[in-house]
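The structure appears below as structure tokens.
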Amino acid sequence: MKHAVLITGATSGLGLAYAKEYAKRGYNLIITGRRENKIIENANYIENTYSVKVKVVIVDLAKEEGLNLLLNEIKEDEIEVLVNNAGFGLKPVFSEVPKEDIDRIMFLQINAVVLLTQNILKQMLPRHKGTIINISSDGAFAVMPRNILYSSTKLFILNFTEGLYMELIDTAIHVQVVCPGFIDSDFHESAGMNVVKKKNGFMKFMDPQEIVRLAMKDLKKGRVVSVPGLEAKTIRFIAAFLPRKIFYNIIIDFTRKRNSKLNR
């Protein structure tokens, strides 16, 4: 497939929003996910609505065999844009996380991102054209208890993307990392997290399409680190400028209050 955008984790949320955005711009899509019925439904909708081709790859990128399957599926495709979006969170405190879950999140949000990016980059460089978008999180700026593996892997994605940008500065490859705050999707439910999705006020949940709109605006401006939304920008600022001891106390206090509310 030519003139294609590869989006991982496009079953719902941000991945689906990116799929719709690029389809609207006339790109063919290659989308991955694990929930076969849902992602095929998405593909049919996008094809019928935007008159583009959509290839669906049902794959679990948290496993090496899943990544190898995807790489084999796309070896003949000409990918112009890569969106590394697939990810998940873990609810338990670190000491209670099963090794299987540790292996899965580390592979998905580090190994798969790096290896898929390298594979696609080798296609882009000879064509002197391409865009790589990696989805991180505001958690990359402010790690929180009960979420430390997720935040740590998202910090890796942030650093990896910034380094990649500098390494590719003399090429025609565009690189961006997107660090949103709370997204109105099924992410938290999938992780077993009991949250109240506020639509107003501070720490509200943003619509995925709005996050993509803001991130694409930043991409056009050449902004390497996109932080859509006031909440995410505030967290980035606080984490960067507060003395660490004060930062720790704020996060610990916030976490205790949140857990108290959820346990009532």
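Quantities reported herein were computed from a predicted structural model and do not represent experimental measurements.
Other residues, nucleotides and ligands contribute at most 12 non-hydrogen atoms within 6.0 Å of the CG atom of Asn37. Heavy atoms from other residues, nucleotides or ligands lying under 6.0 Å from CE of Met106 number 12 at most. Heavy atoms of other residues, nucleotides or ligands lying less than 6.0 angstrom from NZ of Lys63 number 12 at most.
No hydrogens or angles considered: a donor-acceptor pair under 3.5 Å links the side chains of Thr161 and Asn134. In the model, His3 has no side-chain atom that pairs as donor or acceptor with a side-chain atom of Glu78 under 3.5 Å.
Stacking of Arg244 on the aromatic ring of Phe247 is recorded, both the 6.0 Å distance cut-off and the 45° axial limit being met.
Looking at Glu47, its side chain never comes within 3.5 Å of a backbone N or O of Lys53 through a donor-acceptor pair. At least one donor-acceptor pair under 3.5 Å links the side chain of Lys154 to the backbone N or O of Ile135. Side chain of Glu36 to main chain of Ile58: no donor-acceptor pair is present (N/O by atom type, distance under 3.5 Å, no hydrogens or angles). The main-chain N or O of Tyr150 is found under 3.5 Å from a side-chain atom of Thr153 such that the two form a donor-acceptor pair. Arg127 places a side-chain N or O within donor-acceptor distance of the main-chain N or O of Ile79, the cut-off being under 3.5 Å. With hydrogens and angles ignored, the 3.5 Å screen pairs a side-chain donor or acceptor of Asn85 with a backbone N or O of Gly9. In terms of modelled atom types and a separation under 3.5 Å, the side chain of Gln109 and the main chain of Phe88 share a donor-acceptor contact. In terms of modelled atom types and a separation under 3.5 Å, the side chain of Gln209 and the main chain of Ala17 share a donor-acceptor contact.
What you find for Gly66 and Leu61 is that their closest heavy atoms are O-CD2, 3.9 Å. When all heavy atoms are compared, the tightest approach of Ala215 to Tyr18 is CB-OH, 3.5 Å. For the residue pair Val97 and Pro92, the shortest heavy atom distance occurs at CG2-O, 4.0 Å. Of all heavy-atom pairs spanning Ala142 and Ser151, the tightest one is O-OG, 4.3 Å. Counting all heavy atoms, side chain and backbone alike, Ala232 lies closest to Pro180 at CB-C, 4.2 Å. Shortest non-hydrogen contact noted between Tyr50 and Lys24 is CD2-CA, 3.6 Å.
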Check step by step if side chain to side chain contact (heavy atoms under 4.5 Å, CB included) holds for Tyr45 and Lys20. CA-CA 10 Å; Tyr45 170 82; Lys20 291 178 179 178; 4.0 Å; yes
Start with the C-alpha gap between Asn42 and Thr11, add the side-chain angles, then the distance that decides, and say whether side-chain hydrogen bond (donor to acceptor under 3.5 Å, both in side chains) holds. CA-CA 7 Å; Asn42 293 341; Thr11 306; 5.6 Å; no
Check against side chain to side chain contact (heavy atoms under 4.5 Å, CB included), Asp207 and Ile211: CA-CA 7 Å; Asp207 178 72; Ile211 292 173; over 6 Å; no
Would Leu16 and Ile46 count as a side chain to side chain contact (heavy atoms under 4.5 Å, CB included) here? Give the steps. CA-CA 10 Å; Leu16 179 58; Ile46 290 170; 4.3 Å; yes
Determine whether Thr255 and Met144 satisfy the following criterion, side chain to side chain contact (heavy atoms under 4.5 Å, CB included), listing intermediate values before the conclusion. CA-CA 8 Å; Thr255 303; Met144 294 183 67; 3.7 Å; yes
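At a threshold of 4.5 Å between non-hydrogen side-chain atoms, the residues Ile157 and Val113 count as touching. Proximity of Met124 to Lys129: side-chain heavy atoms (C-beta onward) are nowhere separated by under 4.5 Å. Under the 4.5 Å side-chain criterion, counting only non-hydrogen atoms from C-beta, Leu158 is in contact with Cys179. Looking only at side-chain heavy atoms (C-beta outward), Ser152 and Leu155 stay at 4.5 Å or farther from each other. The shortest side-chain heavy-atom distance between Leu121 and Leu125 falls under the 4.5 Å cut-off. Contact check for Leu6 versus Ile74: side-chain heavy atoms found under the 4.5 Å cut-off. Two residues are said to be in side-chain contact when any heavy atoms from C-beta on lie closer than 4.5 Å; Val52 and Tyr22 fail this criterion.
Taken from CD1 in Ile120 to CG in Asn84, the straight-line distance is 9.0 Å, to the nearest 0.5 Å. Considering CG of Asn119 and CG of Leu70, their distance stands at 8.5 Å, rounded to 0.5 Å. Summarising the geometry, atom CG belonging to Leu90 is positioned 8.5 Å from atom CD1 belonging to Ile102; distances are rounded to the nearest 0.5 Å. Here CD1 of Ile132 is found 7.5 Å from CZ of Phe160. Values are rounded to the nearest 0.5 Å. Atom-to-atom distance recorded for Phe141:CZ and Ile238:CD1 is 12.5 Å, nearest 0.5 angstrom. The structure places NZ of Lys220 at 12.5 Å from CG of Asp218, a figure rounded to the nearest 0.5 Å.
Under a 4.0 Å N-O distance rule, the pair Asp77/Lys55 qualifies as a salt bridge. Look at Glu100 and Arg104 and you find no salt bridge, because none of the NZ, NE, NH1 or NH2 atoms lies under 4.0 Å from a carboxylate O. Between Asp138 and Lys233 there is no salt bridge, since none of the side-chain N atoms of the basic residue sits less than 4.0 Å from a carboxylate O of the acidic one.
Criterion: ILVMFWY side-chain heavy atoms under 4.5 Å apart, direct or through other members. Under it, Ile250 and Phe241 are not part of a common hydrophobic cluster. No continuous path of ILVMFWY side-chain contacts below 4.5 Å connects Phe237 to Ile235, so the two sit in separate hydrophobic clusters.
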